[in-house]
> 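Got a structure for you, written out below as structure tokens; questions coming shortly.
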Amino acid sequence: MLQLQIIREQTQAVIEGLGKRNFKEIELVQQVIDTDRQRRETQKSLDDLKAQSNNDARKIGELMKAGKAEEAGILRSSVANDKEKLKAMEGTLADLEANLQELLYRIPNVPASIVPAGKSAEDNVVAHQHGTIPKLHEGALPHWELIRKYDIIDFDLGIKIAGAGFPVYKGKGAKLQRALINFFLDEAEKQGYREIQPPIVVNEASGYGTGQLPDKEGQMYFVNADGLYMIPTAEVPITNLYRDVVLAEEDLPVKNVGYTPCFRREAGSWGAHVRGLNRLHQFDKVEIVQVRKPEESYQALEDMCHYVQGLLEKLELPYRKLLLCGGDMGFNSANTYDMEVFSAAQQRWLEVSSVSNFEAFQSNRLKLRYKNKEGKTQLLHTLNGSALALPRIVAAILENNQTPEGIRIPKALVPYTRFDLIN
RNA sequence: GGAGAGGUGGGUGAGUGGCUGAAACCAACAGUUUGCUAAACUGUCGUACGGGUUAAACUGUACCGGGGGUUCGAAUCCCCCCCUCUCCGCCA
């Protein structure tokens, strides 16, 4: 949620920024300003009237004590008169506040200056590319056939016990998952991240805190009986640890990492390009989350990108780094880089990480602040990134490293898998 | 699932209708004292949204888990909800 103050004071810049996103409902900005003005006017008159009636109430008390019941009675009836007015004004104010809130929820974050304008993924900019695209041997297979051939991941069994999009990992397939998770967690720890194991369900307030609600209500699994949402990413619980928190300066920066399964309904998004591991309802992901002082957040974004790129290099996967254009960024983000690995049998780039700076957009909702040296509380910046999402990494490893003898495990991973070939 | 207890400021914890935005203590911060540290003493010490100001000063309103009600007036009385804790039951 954008800060009201910024919309009020930098209206033109906000409108221009949202233009880079191709944001269709630009009129919401003016509506916010109008609603806010009405809200303030209403509050002023309401407060004045309340001040008046507070005074009257006090006077009545004094008159009663002084035994002047008659005068008290007169005053009492005049106060009763104001009550109707008060009620009405309170109603108006509540409506205005709710409207304002609702309008603010619908406005996405303003892209950072570096973000190019654009409508869709086609307008993203390749910021960096690394590694060579492997040449596969004759008869190379896509991963969804490799997993059958080596019997390491089983979609049919998953369908039997849960449904499509819930694969069962078996034998070396399961061990590969576990190895990747441990590898990612250990690497993050070396970079100073603290490991967190959060709940994988969250309450409604947490959903609002990081912006999944009300926006993406239908995308999360919902446990009706208990009013809990299954998390679509560890970002939700880990960032919400800091909801309604005022940090001390010495607590900063916050660098957390967590592994969780992630659950996504992916309603309506099934189609041609989602075979095999490309899109799942449940998948594993290690997520890094940072909380930073505003002036440090862009440096942190760089650091996080470099860290993720380092992981991909250690896994020997060819990748490219995309600077997302305004239209392709998430609702909450001010600046996002996507990392894509090349999956050689599919001949496709697969997104395996998304690293974002939300600036104060999330912390404004979360009320995540810190007390600076002058003793002033101010909003912090939040950032997060996948480091990394497993299924597509697995797909790329399987496809790129296949040989007639079997699938070669990247060297960095062998200490974790304790085997170097799937055959 | 059953029974009970409780939710007040950073913490402990007073407060059963007006003088309570809230005692006291602790913590924190600033200062005095001191050769330094400690102790002692003095002062400051909530948040949000408004008005006001170049900025302050100043000022209004709201907030004692959340929502509603009674009353001229609610932390205090009534109703509903939520949460936490304890015991019992069940269970990994």
Side-chain angles (χ1 to χ4, degrees), chain A residues 1-10 32-105 197-209 213 222-229 237 240-252 261 360 363-380:
Chain A
M1 180 167 68
L2 287 176
Q3 290 164 266
L4 189 51
Q5 198 190 350
I6 287 176
I7 296 180
R8 216 189 277 164
E9 291 172 4
Q10 303 169 35
V32 164
I33 290 170
D34 294 342
T35 309
D36 175 53
R37 204 195 53 244
Q38 288 179 53
R39 179 194 121 245
R40 275 147 65 206
E41 285 166 2
T42 307
Q43 188 183 333
K44 177 86 175 87
S45 7
L46 176 64
D47 284 356
D48 288 348
L49 189 59
K50 277 184 171 172
Q52 177 63 40
S53 85
N54 283 346
N55 270 328
D56 290 345
R58 205 169 303 127
K59 262 184 231 157
I60 291 169
E62 282 161 15
L63 290 171
M64 299 286 279
K65 234 173 228 169
K68 299 178 180 170
E70 221 173 291
E71 289 177 46
I74 295 166
L75 198 49
R76 203 177 284 191
S77 53
S78 102
V79 170
N81 209 19
D82 287 343
K83 272 202 105 172
E84 301 250 326
K85 244 193 275 177
L86 249 158
K87 265 244 154 84
M89 285 171 87
E90 274 174 351
T92 310
L93 184 63
D95 286 347
L96 287 167
E97 279 173 348
N99 286 347
L100 184 58
Q101 190 64 237
E102 201 256 334
L103 289 169
L104 284 170
Y105 274 150
Q197 274 197 30
I200 60 171
V201 292
V202 293
N203 57 26
E204 190 181 28
S206 299
Y208 276 96
L213 295 175
F222 181 59
V223 183
N224 218 328
D226 300 289
L228 295 170
Y229 294 87
N240 270 285
L241 298 176
Y242 300 92
R243 175 154 45 83
D244 293 319
V245 165
V246 180
L247 291 170
E249 190 154 7
E250 57 265 30
D251 298 329
L252 294 164
S363 58
N364 189 36
R365 271 198 199 182
L366 291 163
K367 297 204 189 71
L368 164 54
R369 293 162 297 171
Y370 84 109
K371 207 169 262 228
N372 66 19
K373 285 201 177 71
E374 292 80 52
K376 246 182 86 177
T377 53
Q378 61 174 292
L379 292 175
L380 285 158

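Here is how names work: the chains are called A, B, and so on, in the same order as the sequence lines, proteins then strands, and each is numbered from 1.
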> Under the side-chain contact (heavy atoms from CB on, under 4.5 Å) test against A/Leu104, which residue among A/Asn99, A/Ile7, A/Asp36 passes?
A/Ile7
> Roughly how many Å apart are B/rC64 and B/rA74, using the C1' atom of each and rounding to a whole number?
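About 11 Å, rounded to a whole number of Å.
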> With rounding to the closest Å, how many angstrom separate the P atoms on B/rA38 and B/rA30?
12 Å
> Looking only at heavy atoms, which two atoms of A/Leu75 and A/Asp56 are closest? And how far apart?
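Looks like CD2-O, 3.8 Å.
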> Considering heavy-atom distances to RNA chain B, does A/Gln43 or A/Lys87 have its closest nucleotide positioned more toward the 5' end?
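So the residue in question is A/Gln43.
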> Write out a two-atom table: protein N or O, nucleotide N or O from nucleotides 72-76 of chain B, distance below 3.5 Å.
from   : atom 1 : to      : atom 2 : distance (Å)
B/rC72 : O2     : A/Ala57 : O      : 3.4
B/rG73 : OP1    : A/Lys83 : NZ     : 3.2

> So which one's nearest nucleotide on RNA chain B is more toward 5', A/Ala51 or A/Glu97?
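Its nearest nucleotide lies further toward 5', so the answer is A/Glu97.
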> To the nearest Å, how far apart are A/Asp48 CG and B/rG52 C1'?
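It works out to 13 Å between those atoms.
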> Taking the C1' atom of each, how far is B/rG17 from B/rA75, in whole Å?
11 Å
> Residues in salt bridge (Lys or Arg N to Asp or Glu O under 4.0 Å) with A/Arg369, at least two apart?
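In terms of salt bridge (Lys or Arg N to Asp or Glu O under 4.0 Å), with neighbours along the sequence ignored, A/Arg369 is linked to no residue.
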> Taking NZ from A/Lys50 and C1' from B/rU59, how many angstroms apart are they, rounded to a whole number?
17 Å
> Determine: side-chain N/O of A/Arg40 to OP1/OP2 of B/rG51, distance under 4.0 Å, yes or no.
yes
> Please give, in whole Å, the distance from B/rG66 C1' to A/Glu204 CD?
14 Å
> Which of the following nucleotides, B/rG51, B/rC49, B/rG60, is nearest to the side chain of A/Asp47?
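Of the options given, the side chain of A/Asp47 lies nearest B/rG60.
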> Quick test: give all pairs of protein nitrogen or oxygen and nucleotides 44-48 of chain B nitrogen or oxygen below 3.5 Å, distance rounded to 0.1 Å.
from   : atom 1 : to       : atom 2 : distance (Å)
B/rA48 : OP1    : A/Arg369 : NH1    : 3.2

> Could you tell me how far apart A/Gln52 (CD) and B/rU59 (C1') are, to the nearest whole angstrom?
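Going from A/Gln52 (CD) to B/rU59 (C1'), I get 16 Å.
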> In whole angstrom, give me the gap between the C1' atoms of B/rC63 and B/rG9.
11 Å
> Measuring only the C1' atom in each nucleotide, how far is B/rA5 from B/rU59? A whole number of Å is fine.
43 Å
> Using the test side-chain contact (heavy atoms from CB on, under 4.5 Å), find all partners of A/Lys83 that sit at least two apart in sequence or belong to another chain.
none
> Using the C1' atom in both, what is the distance from B/rA24 to B/rC80, to the nearest Å?
35 Å
> Tell me the ring pair (Phe, Tyr, Trp, His ring centres under 6.0 Å) pairs involving residues 74-105 of chain A, sequence neighbours left out?
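Every pair satisfying ring pair (Phe, Tyr, Trp, His ring centres under 6.0 Å) with a residue in residues 74-105 of chain A: A/Tyr105-A/Tyr208.
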> Tell me which pairs pass salt bridge (Lys or Arg N to Asp or Glu O under 4.0 Å) where either residue lies in residues 89-102 of chain A, with sequence neighbours left out.
A/Lys50-A/Glu90, A/Glu102-A/Arg106
> Only pairs at least two apart or in different chains count here, so list each ring pair (Phe, Tyr, Trp, His ring centres under 6.0 Å) that has a residue in residues 50-77 of chain A.
none
> Who pairs with A/Asp251 by salt bridge (Lys or Arg N to Asp or Glu O under 4.0 Å), at least two apart in sequence or on another chain?
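Checked A/Asp251 against salt bridge (Lys or Arg N to Asp or Glu O under 4.0 Å); zero matches.
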> Check the pair A/Tyr242 / A/Leu380 against side-chain contact (heavy atoms from CB on, under 4.5 Å), numbers first and verdict last.
CA-CA 10 Å; A/Tyr242 300 92; A/Leu380 285 158; over 6 Å; no
> Would you kindly give the CD-to-C1' distance between A/Gln5 and B/rG50, to the nearest whole Å?
14 Å
> Walk me through whether A/Lys44 and A/Asp48 qualify under side-chain contact (heavy atoms from CB on, under 4.5 Å).
CA-CA 6 Å; A/Lys44 177 86 175 87; A/Asp48 288 348; 3.2 Å; yes
> Using the P atom as the reference point in each nucleotide, state the distance between B/rU44 and B/rG50 in Å, no decimals.
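One P to the other, the span is 29 Å.
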> With sequence neighbours excluded, what pairs up with A/Glu249 under the salt bridge (Lys or Arg N to Asp or Glu O under 4.0 Å) test?
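A/Glu249 satisfies salt bridge (Lys or Arg N to Asp or Glu O under 4.0 Å) with A/Lys293, A/Lys373 only.
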> What is the distance, to the nearest angstrom, from the CG atom on A/Leu75 to the C1' atom on B/rU71?
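Taking CG of A/Leu75 and C1' of B/rU71, I get 15 Å after rounding.
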> For the C1' atoms, the ones on B/rG51 and on B/rG15, what distance do you get once it is rounded to whole angstrom?
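B/rG51 and B/rG15 have their C1' atoms separated by 33 Å.
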> Can you name the salt bridge (Lys or Arg N to Asp or Glu O under 4.0 Å) partners of A/Arg58, sequence neighbours left out?
none
> In whole Å, I'd like the distance from the CD atom of A/Glu249 to the P atom of B/rC29.
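Answer to the nearest Å: 14 Å.
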> Could you write out RNA chain B as a dot-bracket string, with dots for unpaired bases, | for bases paired across to another strand, and Watson-Crick or G-U pairs counted at under 3.5 Å?
((((((((.[[[..)..(.....]]].(((((.......))))).((((((......)))))).[[[[[..)....]]]]])))))))....
> What residue pairs, at least two apart or across chains, pass ring pair (Phe, Tyr, Trp, His ring centres under 6.0 Å) with a residue in residues 47-66 of chain A?
none
> To the nearest angstrom, how far is A/Leu93 atom CG from B/rU61 atom P?
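Rounding to the nearest Å, CG of A/Leu93 and P of B/rU61 are 15 Å apart.
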